[in-house]
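All residue numbers refer to positions in the sequence shown, counting from 1. Quick caveat, the model's predicted, so the values are computed rather than measured.
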Amino acid sequence: MRPEGALREHIAETVAVEVPELGRAGGVSPNQAADDDCARDLSPSRPRLTPLWALKAVYCIGTGSGACLWKYITVFYHSIGLTNSQIGLIQMLNPAINFVAQIGWAGLCDYLGSYKEVLIVSNTLGVIATCCCLFPFVQEHFWILCLVVLAASAFMASRGSVNDSLALQIVDDYKQARTVAAARGEAVDVKSLPSYGEQRLWGAAGWGFCSLFGGYLMDSFGVPFMFVSFALLLSLTIFIIAFYFPARQASMQRPQETSSVAPRRNLLNFELIWFFANLILYGFCMSLVETFLFVFMLRDFQGTTSFLLGATILVMCAFEIPVFMWVDKKLFHKWNLTTLLSACHVIFAIRCFLYAACPREHAWLVLLIEPLHGITFAAMWSCSVEYAKRLSPEGGQAKMQALVNGMYYQFAIGIGSVVWGPLTEEPPKGYGFAPCYYAAAVLLLIWSVIWNIGWCMRRQRMPDVPLLSGAAETPLS
């Protein structure tokens, strides 16, 4: 009879997964039972799968709650009598607090090996802190209001980047479940693997719908109702997370890459630095749209209405949805991520040229430009999230996604807003919007050339070290 160690070694070499149960037609010998138990010990475990409808609901309802509140928060500030300087101070401090806090929440997720507890606690505290803004005592003292708003922002910072990292983990769980089922010889119950984009698109849908619906409710029931709609929607999000998400992921380590490229652990490498350089410059140019598009339409175009502004958001979000659904399943296995990001450079430059050249007497023509947002944001963001996933070190995916989110939304767009603000003023104080949109287009085209030259030099200098941006070997199906 084999020693136990030799028996396990033999099974490891010959049986990689759990073997079918023996003895259903009759008795089994003790040796057969021992073999069966050992094989079962060595078999890979199937992760507990999060319902995809729950993940989609968290994206849709959670993002929608943010649209109901943060999109209109300056209206609330104005209604309680804050000056423009006070509003500007809060809006300046908010991104910095958000940037630091989301990295902290992501680090806590990586440390605990779980997202659920972090999301429940942070979102619950965020709802409580945000609703404190309704107290008259808070509204009457600016510094107390400032502290409450910044505390709420810190608690709510977990949603964006942690949601992205969570979605990637859940998608990987479904891939692992299919692999385990196939290895065991079981019927594969996942006919079509989910993708990150198919989950993220629900965030765009929630943002677009709630931007319009939240404004309507605020007009009907008053400005404070934004807090009611926010609290109700986010409470529903917390309920879904609490009852439908696994308490703890089996492993937050990435499964084996589908690409033949092995993940690198060195964070100080050209690929990572060049990736973040692109993210910062792209966000710098994108701030002309994210921060100033509505100001541009209201100041320079004739007949711009609130309905047209709302329709602009709706068109943006509507064209994000098919791109999020399609790009990672159809393009990631055909094209390098660097090539896809280069295409985003060119299309965003075209978008800026069209804004600058659009006839000022026909404001509605802006709606014909907004479908490009599907590529210039949704495609860019899908590529960036996927690239960050490949670049992230072992056990550090949440922190990497938080860093990407913070560098783009808080740092790059924040810096861009500060720089473009004075430049977009009417002459002689500034240059106006049209020259700035032309400048952003030219700047991004020049950067695209530099970006690709950098990759060519990297490939020539290190031809034997493949890039993590390479196309995946097989598509998601």
Exercise. Is the number of heavy atoms from other residues, nucleotides or ligands under 6.0 Å of Trp202 CH2 greater than 12?
Worked result: no

Problem set entry | Between Phe227 and Phe76, ring centroids under 6.0 Å | yes

For this session: Side-chain contact test, heavy atoms from C-beta onward, threshold under 4.5 Å: evaluate it for Val58 versus Phe245 and give yes or no.
Result: yes

Problem set entry | Between CG on residue Asn123 and CD1 on residue Ile238, distance to nearest 0.5 Å | 5.0 Å

Exercise. Between Trp447 and Trp451, how do the two ring planes meet: parallel, tilted or perpendicular, split at 30° and 60°?
Worked result: tilted

Problem set entry | Tyr437 and Tyr355 aromatic ring geometry - parallel, tilted or perpendicular at 30°/60° bounds | tilted

Seminar exercise, completed: For Ser153, the side-chain contact (heavy atoms from CB on, under 4.5 Å) test, sequence neighbours excluded, returns Asn94, Asn98

Exercise. Can a salt bridge be assigned to the pair Asp173 and Arg178 using a cut-off of 4.0 Å between side-chain N and carboxylate O?
Worked result: no

Exercise. Is it the case that more than 12 heavy atoms not belonging to Tyr244 sit under 6.0 Å from its OH atom?
Worked result: no

Exercise. Who passes side-chain contact (heavy atoms from CB on, under 4.5 Å) against Ala205, sequence neighbours left out?
Worked result: Ile321

For this session: May I ask you to decide if Gly126's main-chain N or O and Thr130's side chain share a donor-acceptor pair within less than 3.5 Å?
Result: yes

For this session: Could you check whether the rings of Phe324 and Tyr196 sit parallel, tilted or perpendicular, using 30° and 60° as the cut-offs?
Result: perpendicular

Problem set entry | CH2/Trp326: more than 12 non-hydrogen atoms of other groups inside 6.0 Å | no

Problem set entry | Glu426/Arg299 ion pair, N-O < 4.0 Å | yes

Problem set entry | Under 3.5 Å side-chain donor-acceptor pair for Trp455 and Asn336 | no

Exercise. For atom OH of Tyr431, is the number of surrounding heavy atoms from other residues, nucleotides or ligands below 6.0 Å larger than 12?
Worked result: no

Exercise. In terms of ring plane angle, is the pair Phe433 and Phe296 parallel, tilted or perpendicular, where the classes change at 30° and 60°?
Worked result: tilted

For this session: Check the pair Phe209 / Cys317 against side-chain contact (heavy atoms from CB on, under 4.5 Å), numbers first and verdict last.
Result: CA-CA 9 Å; Phe209 177 76; Cys317 295; over 6 Å; no

